[in-house]
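See structure below.
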There are 2 protein chains.
Amino acid sequence: MPRQIDLKKKLDQLRAFHRSERRAPSYSEMAELFGYSSKAAVYAPVRKLIDLGYLKRSAGGRIAFTQKATGKIAILGTVQAGFQSPAEEELLDTISLDEFLVRRPESTFLLTVSGDSMIDAGIHPGDLVLVEKNGAPKNQDIIIAQVDGEWTMKYFFRDKSGVYLDPANPAYSRIRPRGSMVVGGIVRAVIRKYQ
Amino acid sequence: MPRQIDLKKKLDQLRAFHRSERRAPSYSEMAELFGYSSKAAVYAPVRKLIDLGYLKRSAGGRIAFTQKATGKIAILGTVQAGFQSPAEEELLDTISLDEFLVRRPESTFLLTVSGDSMIDAGIHPGDLVLVEKNGAPKNQDIIIAQVDGEWTMKYFFRDKSGVYLDPANPAYSRIRPRGSMVVGGIVRAVIRKYQ
DNA sequence: GTTGAAACTGAACGATCGTTCAGGTATTAA
DNA sequence: TTAATACCTGAACGATCGTTCAGTTTCAAC
């Protein structure tokens with residue numbers, strides 16, 4: 001499949017260009033990038049990359065990258081499947097963690113976890129939690145809440161007698177807010193970065 | 001500070017444009033976006049946004065976004081500090097999870113965790129691990145390895161009698177690879193996404 | 001009210017843009 | 001060898017690009 005290898009190389013060149021310039025090249029820049037001496041020559045591969053979803057056409061015919069091309073991470077299977085090293089020449093789909101994890105960028109924040117009250121849920125001190133404000137929590141959601149003036153992270157539950165918060169650590173106990181409770185946001189993801 | 005508020009609004013408009021078009025607008029497009037009737041008017045705010053690091057100048061004078069502008073997530077403090085709602089009118093720095101977590105995009109992959117052998121390290125079945133290939137593991141790194149034909153995720157250690165792998169679950173036991181061991185990669189981050 | 005500075009306009013410039021197309025070159029199958 | 005086909009070239013087009021600048025408007029400070 002010589003055609004696929006060719007496209008893969010061009011996509012890699014485009015990705016390299018994007019990494020340094022943070023924009024899509026013009027047709028003439030692509031011609032130089034690909035080694036053509038006429039910019040008309042790049043129309044064919046560009047059309048194919050658009051069909052494959054790596055590029056898109058913007059106003060005035062200008063080319064822009066899709067997240068499929070600018071995402072940073074290739075997706076493989078499971079740990080048990082391991083790395084069967086998917087034939088390096090393939091056009092690997094990539095994903096952007098931002099697009100994958102963040103639905104509403106304007107109301108999403110990153111907090112650092114302090115305390116071990118959610119440790120049985122696999123949330124350790126020092127972990128980062130991705131929190132979405134302005135949502136309505138459902139049962140068993142993990143939320144950031146202010147109870148009696150103090151901010152905590154707990155499981156959220158609602159029953160017939162009202163709202164309560166459960167920790168994920170037997171050393172702590174259930175909280176039934178007496179006064180007011182402010183929901184700061186809902187934990188949508190947990191991120192742990194090593195070193 | 002009326003100047004800051006103005007820039008914040010323009011930056012938001014630029015971010016909205018980038019979300020839909022996935023590129024930076026031209027000067028005439030910016031004029032329309034900002035409500036100016038002359039594209040010469042956008043030079044001043046653009047220069048300021050470049051100075052602040054949200055935009056950059058690319059070849060031919062064209063404007064491109066930096067990751068400071070296209071990142072998706074605002075950074076706050078810790079859980080205990082909570083949301084003191086940082087004066088909505090501020091120019092919030094944002095971060096891209098991709099840039100934050102991925103150092104070498106070309107050799108980074110995402111795997112789904114199966115099995116509970118690392119559960120005491122807070123890595124649960126269904127979690128995603130961000131794995132970097134081609135690195136040399138250090139003691140206590142979590143690695144993906146193929147031992148006797150089977151892929152597993154374990155802590156990596158090396159002592160005077162060789163290499164061994166430890167689980168983070170007392171139900172499993174230490175592995176000292178008899179035959180060959182292939183290191184698939186080093187776990188650089190763990191990501192858990194809810195719902 | 002006057003003044004001064006900043007913000008904005010509108011027109012102009014050469015350069016580059018995206019697009020098209022006729023023609024040339026290379027590659028492949030018969 | 002020939003024919004067919006895909007690939008590439010080079011030139012041309014109007015449109016839009018980034019940039020500059022003289023002139024106007026706006027607005028706050030005095």
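Chain identifiers are assigned alphabetically (A, B, ...) following the order of the sequence lines, protein sequences preceding nucleic acid strands; residue numbering begins at 1 within each chain. For the numbers below, each heavy atom of this structure counts, side chains included, while hydrogens, waters and symmetry mates do not.
- Straight-line distance from the CZ atom of B:Arg47 to the C1' atom of D:dT20: 11 Å, rounded to whole Å.
- Here the P atom of nucleotide D:dA6 and the CG atom of A:Leu7 are 16 Å apart, to the nearest Å.
- A donor-acceptor pair shorter than 3.5 Å can be found between the side chains of B:Thr70 and A:Arg22.
- Comparing B:Pro45 and A:Ser26 against DNA chain C, the residue whose closest nucleotide sits nearer the 5' end is B:Pro45.
- In this entry the distance linking CZ of B:Phe34 with P of C:dT9 reads 13 Å, nearest Å.
- Atom pair B:Arg23:CZ and D:dC17:C1' shows a separation of 12 Å (rounding to whole Å applied).
- In this structure, a donor-acceptor pair under 3.5 Å is absent between the side chains of B:Ser26 and B:Arg62.
- Residue B:Arg62 has a polar side-chain atom (N or O) positioned under 4.0 Å from OP1 or OP2 of C:dC17.
- The shortest heavy-atom contact between B:Ala41 and B:Pro45 is O-CD, 3.4 Å.
- Regarding contacts with the backbone of D:dC17, a side-chain N or O of B:Ser28 is found under 4.0 angstrom from either OP1 or OP2.
- With 3.5 Å as the limit, one finds a donor-acceptor pair spanning the side chains of B:Ser58 and A:Glu21.
- Taking side-chain N and O atoms only, A:Ser37 has a distance below 4.0 Å to OP1 or OP2 of D:dT9.
- Residue B:Tyr27 places no side-chain N or O under 4.0 Å from the OP1 or OP2 atom of D:dC17.
- In this structure, a donor-acceptor pair under 3.5 Å is present between the side chains of A:Asp98 and B:Ser96.
- Checking A:Tyr172 against A:Asp116 by side-chain atom types alone, a donor-acceptor pair falls below 3.5 Å.
- Here C:dA7 is the nucleotide among C:dA7, C:dT20, D:dC7 with the atom lying nearest to any side-chain atom of B:Lys48.
- Here A:Arg57 reaches the OP1 or OP2 of C:dT19: one of its side-chain N or O atoms lies under 4.0 Å away.
- Between A:Glu29 atom CD and C:dA15 atom P there is a gap of 17 Å when expressed in whole angstrom units.
- Within the 4.0 Å cut-off from OP1 or OP2 of D:dT9, not a single side-chain nitrogen or oxygen of A:Tyr36 is found.
- Closest to the side chain of B:Lys39, from the set D:dG18, D:dC21, C:dT19, is D:dG18.
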Using atom names, set out every protein N or O paired with an N or O of nucleotides 22-24 of chain C below 3.5 Å, distance rounded to 0.1 Å.
none

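- Spacing between atom CE of B:Met30 and atom P of C:dC8 amounts to 15 Å, rounded to whole angstrom units.
- With rounding to whole Å, A:Tyr43 atom OH is found 17 Å from D:dG10 atom P.
- More than 12 heavy atoms of other shown residues, nucleotides or ligands fall within 6.0 angstrom of atom CZ in B:Arg104.
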